[in-house]
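One structure is given below, encoded as structure tokens.
In what follows, chains are A, B, ... by sequence order, proteins preceding strands, each numbered from 1. Keep in mind the model is a prediction, meaning the values are calculated, not measured.
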Amino acid sequence: MRWTCEYLMHPHLLSPSNLTRNLINTYKFAFLHIQHSSLVNGDSTYESKMKTLHANLIKNGSLLHNLQVGNRLLNLCVESLNFGYAQKLFDEMLYRDVRTWTIQLSGFARVGSFSSALDCFRRMQNECVWPNNFTLSSVLKCCSSLYELRIGKSVHGWIVTSGIGLDVALENSILDLYVKCEAFDYAKKLFELMEDRDNVSWNIMVGAYLHIGEVEKSLCLFERLPEKGVASWNTIIDGLMKNGFQGIALELLYRMIISGHVFNKVTFSIALNLASSLSNVELGRWIHACVLTFGVQDDRFIRNSLIDMYCKCGEMEKASVLFQKVSRDFVRTRNSKTSCEAEIVSWSSMISGYVRNGEYDDAFKTFRSMVCEQVGMSKFTLTSIVSACANAGILELGRQMHAYIMKVGHKIDAHLSSSLIDMYAKCGSLDDAWNIFNQTDSLNVVQWTSMISGCALHGQGREAVKLFEHMMKKGVRPNEVTFIGVLTACSHAGLLEDGCDYFKLMKGHDLKPGFEHFACMVDLYGRAGRLNEAKEFIYNNSLSHLSAVWRSLLSSCRLHKDFAMAKWVSEKLPQHEPCDAGPYILLSNMLATEHKWEESAKVRSLMQLRGVKKHPGQSWIQLKNLVHTFVAGDRSHPQDTEIYSYLERLIGRLKEIGYSSDVQMVIQDVEEEQGEVFLSLHSEKLALVYGIISTPCGTPIQIMKNLRVCTDCHNFIKCTSKLLDREIIVRDIRRFHHFKHGRCSCGDYW
DNA sequence: TGGTTATTGG
């Protein structure tokens with residue numbers, strides 16, 4: 001190998017008589033040798049060696065006089081993805097035939113330059129080179145990738161009129177073009193007219209029916225297939241899953257196995273995807289075991305599917321182990337385009353996995369390494385990271401990400417714009433959310449929903465309702481999530497009648513209310529003070545097994561001070577969710593308000609006995625580039641002496657303007673005075689005080705909290721906003737509270 | 001012919 005390479009570096013050693021098949025092979029070896037040493041041994045002289053090789057090739061001009069030799073070399077360049085050299089060689093070749101053009105054209109198609117491939121086809125036609133079936137297949141593939149139905153149809157027309165021999169493969173390409181371009185009628189007609197149909201033709205049609213959601217027809221077609229190949233099974237299982245028929249998909253996978261079909265690489269990907277969409281980690285693990293048995297664990301698609309499956313099943317550690325292995329391998333193969341794409345997918349999967357599992361810090365860390373290691377960004381990565389900013393509520397980071405996206409020059413597509421709208425809304429800047437919303441040209445249902453939910457989040461119920469009406473007028477169909485948004489808005493703004501109307505409207509849109517919608521309705525009745533109607537609604541709709549609706553009713557009871565019903569409800573709660581700490585705390589809280597300390601303590605010990613852990617309350621505030629997090633009674637902050645002494649003085653001054661601690665929220669068996677002390681140390685108060693002492697007078701302060709804000713803290717913040725004349729914004733787990741001049745945007749209704 | 005990653009709610 002080394003000898004051949006050195007030999008080629010000295011062209012004077014070449015004699016014209018060597019211009020034979022052997023020479024081509026020698027070039028082939030040299031090519032592969034240079035590429036191999038660059039990829040595996042990290043040889044940095046790759047570029048210069050290739051240049052030398054190429055120069056020698058050109059110098060030995062006779063090579064380019066021989067069409068056969070030229071074509072073979074061109075093919076070699078294309079196959080090894082050395083596209084720059086392929087282009088040079090193509091331009092320098094003296095003679096070109098249909099094969100030369102086809103190699104070049106399919107080369108463009110292979111690296112995803114479909115437009116260049118079509119240009120190549122046009123030039124070829126201009127030079128009156130008659131295409132063959134391979135050329136046409138490639139051209140049709142380019143058309144379908146570019147959704148170029150018009151060009152595709154003209155190619156079809158040309159094929160028919162030119163009298164070129166049509167074979168099944170070419171007809172299948174046309175069929176596939178029509179399906180991909182959603183010209184389903186054309187596809188159906190062509191399929192009916194086809195004299196020879198092979199398995200591929202049938203599979204394309206099965207896939208086509210699945211694509212347009214005609215699941216039953218696709219199943220019929222599938223069952224009619226006389227010999228079902230692995231590809232047929234793959235198509236039907238994948239399509240069923242994508243149409244939301246996970247159960248049938250799983251059944252078919254089982255049927256496929258027991259009828260003796262052996263999985264191929266595609267089957268593994270699909271099966272892993274099925275496992276994650278069912279959140280069935282056992283199935284996922286079983287498939288992982290099969291992957292290892294078959295020895296296909298190094299396939300990039302399968303690896304990524306494995307990572308994604310573990311991410312979606314919440315097993316981030318397992319995903320991370322696989323990911324580390326992948327990224328080690330990728331370092332060595334960075335040069336090829338396909339491996340780059342596969343690498344980006346695995347990074348994206350990891351980031352979205354961390355976001356999905358609420359591990360935002362890890363998501364940010366992964367993103368940072370991705371930037372440092374100069375891995376290319378995809379819109380998937382960016383969308384996930386914006387969503388991480390949204391959920392973590394870190395406005396400054398969100399803004400930086402937005403700026404980064406603009407700087408990199410990424411196009412803001414529908415997914416990105418909806419996640420940006422959502423991010424700004426969730427990070428407290430509704431104005432920025434509106435800016436993105438107003439700048440978007442054709443709004444889809446997700447973007448409308450993000451904006452509607454954003455308004456609801458900020459207590460702008462009427463604005464949300466207006467938006468919803470506007471959206472309907474524009475002819476955009478609301479989905480289930482849109483209704484959750486608009487119902488929440490009605491509930492937060494106390495718009496009982498509108499809420500009931502919208503709930504009824506769901507039927508008109510063929511949408512079945514889920515438990516979230518029912519919970520919104522219970523909330524709506526409850527907040528409006530219609531506690532009995534809320535209770536009736538629960539029983540009339542058989543919702544009594546859902547703890548979410550009882551919890552919502554309980555909050556309303558507290559709001560309207562109906563202690564009798566509150567106690568009745570809070571006793572029901574732990575039965576439904578024995579592992580959730582919330583109901584126990586609420587119940588013991590209710591008992592404590594009636595000074596029934598013993599019973600309250602019993603509930604607490606029952607909770608301990610069952611090993612239920614309380615979710616610790618946390619509040620955080622971002623100042624400059626740092627996020628400061630506090631828990632109740634936190635003494636770990638470096639400025640804690642300052643914080644505590646300011647807090648004490650502040651409470652004293654607030655009392656002078658009428659603030660008093662709301663001891664009803666005390667959840668421990670303590671005396672009032674002690675209770676007051678305990679309340680004063682809630683995490684949001686600490687975060688607020690830290691914000692006050694760290695910023696100039698009059699600066700608005702924004703705090704985030706992972707639980708709902710309690711009545712006492714709500715009161716405390718209201719009074720503080722009045723006393724210090726500061727705008728204070730608090731995001732709790734459900735909504736935003738904008739405090740100004742002693743009032744809150746929620747109207748004390750949350 | 002078929003396979004992996006993203007947005008609104010929970």
Side-chain angles (χ1 to χ4, degrees), chain A residues 141 144 168-169 171-173 175-177 179-180 198-208 210-211 229-239 241-242 263-274 276 299-309 311-312 326 341-353 355-356 377-388 390 412-423 425-426 444-454 456-457 478-488 514-517 519-520 548 733-734:
Chain A
K141 200 168 182 181
S144 65
V168 198
E171 273 194 303
N172 285 343
S173 297
L175 196 61
D176 189 49
L177 165 89
V179 169
K180 292 254 167 71
D198 62 2
N199 251 5
V200 176
S201 336
W202 283 85
N203 288 348
I204 293 173
M205 287 315 284
V206 171
L210 287 163
H211 184 72
V230 189
S232 323
W233 288 95
N234 289 346
T235 306
I236 191 88
I237 294 170
D238 185 52
M241 187 169 60
K242 287 187 177 146
F263 281 24
N264 68 8
K265 287 181 179 178
V266 180
T267 327
F268 282 114
S269 259
I270 293 169
L272 284 166
N273 206 358
L274 181 60
S276 52
D299 179 88
R300 297 194 174 99
F301 256 98
I302 296 179
R303 274 204 204 170
N304 284 345
S305 303
L306 275 168
I307 291 175
D308 189 58
M309 182 274 293
C311 284
K312 285 191 177 142
V326 171
E341 276 168 6
E343 183 178 6
I344 298 172
V345 172
S346 58
W347 283 84
S348 295
S349 292
M350 284 308 288
I351 292 176
S352 79
V355 177
R356 185 186 292 265
M377 291 289 156
S378 71
K379 46 192 176 172
F380 294 90
T381 332
L382 295 168
T383 311
S384 294
I385 208 74
V386 170
S387 155
I412 295 187
D413 68 354
H415 284 90
L416 248 175
S417 84
S418 35
S419 66
L420 282 169
I421 294 170
D422 181 54
M423 182 273 290
K426 281 191 180 143
N444 70 16
V445 63
V446 182
Q447 290 152 337
W448 281 101
T449 305
S450 302
M451 202 59 232
I452 292 169
S453 311
L457 198 65
N479 64 20
E480 283 96 340
V481 187
T482 323
F483 276 102
I484 295 175
V486 76
L487 290 174
T488 316
F515 82 87
E516 295 100 336
H517 304 98
C520 281
I733 195 157
R734 299 195 61 170

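Contact annotation: side chain of S418(A) to base of dT7(B), donor-acceptor pair present below 3.5 Å.
Among the nucleotides dA6(B), dT1(B), dT5(B), the one closest to the side chain of H415(A) is dA6(B). Side-chain proximity of S453(A) to dG9(B), dT4(B), dT7(B): nearest is dG9(B). Of the candidate nucleotides dT8(B), dA6(B), dG3(B), dT8(B) has the atom nearest to the side chain of S387(A). Taking only side-chain atoms of V200(A), from C-beta outward, the nucleotide of dT1(B), dG3(B), dA6(B) with the closest atom is dT1(B). Of the listed nucleotides (dT5(B), dT8(B), dG3(B)), dT5(B) has the atom at the smallest distance from the side chain of D308(A). The listed nucleotides are dT8(B), dT1(B), dA6(B); the one nearest the side chain of V446(A) is dT8(B). If you check dT5(B), dG3(B), dA6(B) against the side chain of D238(A), the one that comes closest is dG3(B). Checking dT1(B), dG10(B), dT4(B) against the side-chain heavy atoms of V345(A) singles out dT4(B) as nearest. For S450(A), taking side-chain heavy atoms from C-beta onward, the closest of the listed nucleotides dT8(B), dG2(B), dG3(B) is dT8(B). Of the candidates dA6(B), dT4(B), dG9(B), dG9(B) carries the atom nearest the E516(A) side chain, counting heavy atoms from C-beta on.
Residues N264(A) and T267(A) have side chains in contact (heavy-atom distance under 4.5 Å, counting atoms from C-beta outward). In this structure, the side chains of S387(A) and T383(A) stay at 4.5 Å or more apart for every pair of heavy atoms. Side-chain contact between S305(A) and F268(A) is absent, with no heavy atoms from C-beta onward closer than 4.5 Å. Side-chain atoms of V168(A) and V200(A), non-hydrogen and from C-beta on, never get closer than 4.5 Å to each other.
In this entry the distance linking CH2 of W347(A) with P of dA6(B) reads 17 Å, nearest Å. Rounded to an integer number of Å, the gap from N304(A) CG to dG3(B) P is 15 Å. If you measure from atom CG of N273(A) to atom P of dG2(B), you get 16 Å, rounded to the nearest angstrom. In this structure, L272(A) atom CG and dT4(B) atom P are separated by 11 Å, rounded to whole Å. Atoms CG (L306(A)) and P (dT4(B)) sit 14 Å apart, rounded to a whole Å. Rounded to an integer number of Å, the gap from W202(A) CH2 to dT1(B) C1' is 14 Å. Atom-to-atom, CD1 of I237(A) to P of dG3(B) comes out at 13 Å; the value is rounded to the nearest Å. Atom-to-atom, CD1 of I733(A) to C1' of dG9(B) comes out at 13 Å; the value is rounded to the nearest Å.
Residue N172(A) places none of its side-chain N or O atoms closer than 4.0 Å to OP1 or OP2 of dT1(B). A sub-4.0 Å separation between OP1 or OP2 of dT7(B) and a side-chain N or O of K426(A) is absent. Residue K312(A) has a polar side-chain atom (N or O) positioned under 4.0 Å from OP1 or OP2 of dT5(B). Residue R734(A) places no side-chain N or O under 4.0 Å from the OP1 or OP2 atom of dG10(B).
Using a 4.0 Å heavy-atom cutoff across all strands shown, V230(A) reaches at least one base atom of the nucleic acid. Residue contacts shown for D198(A) are absent, as no nucleic acid heavy atom lies under 4.0 Å away. Using a 4.0 Å heavy-atom cutoff across all strands shown, N264(A) reaches at least one base atom of the nucleic acid. D413(A) comes within 4.0 angstrom of a base, heavy atoms only.
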Next item on the list: Kindly indicate, with the supporting measurements, whether the criterion side chain to side chain donor-acceptor pair (under 3.5 Å) is fulfilled by T482(A) and N479(A).
Entry: CA-CA 5 Å; T482(A) 323; N479(A) 64 20; 2.8 Å; yes
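Aromatic stacking of F301(A) on dT4(B): not satisfied for centres closer than 5.5 Å together with planes under 30 degrees.
A salt bridge is absent between D299(A) and R303(A); no separation between the charged side-chain nitrogens and carboxylate oxygens falls under 4.0 Å.
Remark: S378(A) OG to I344(A) CD1 distance equals 6.0 Å, nearest 0.5 Å.
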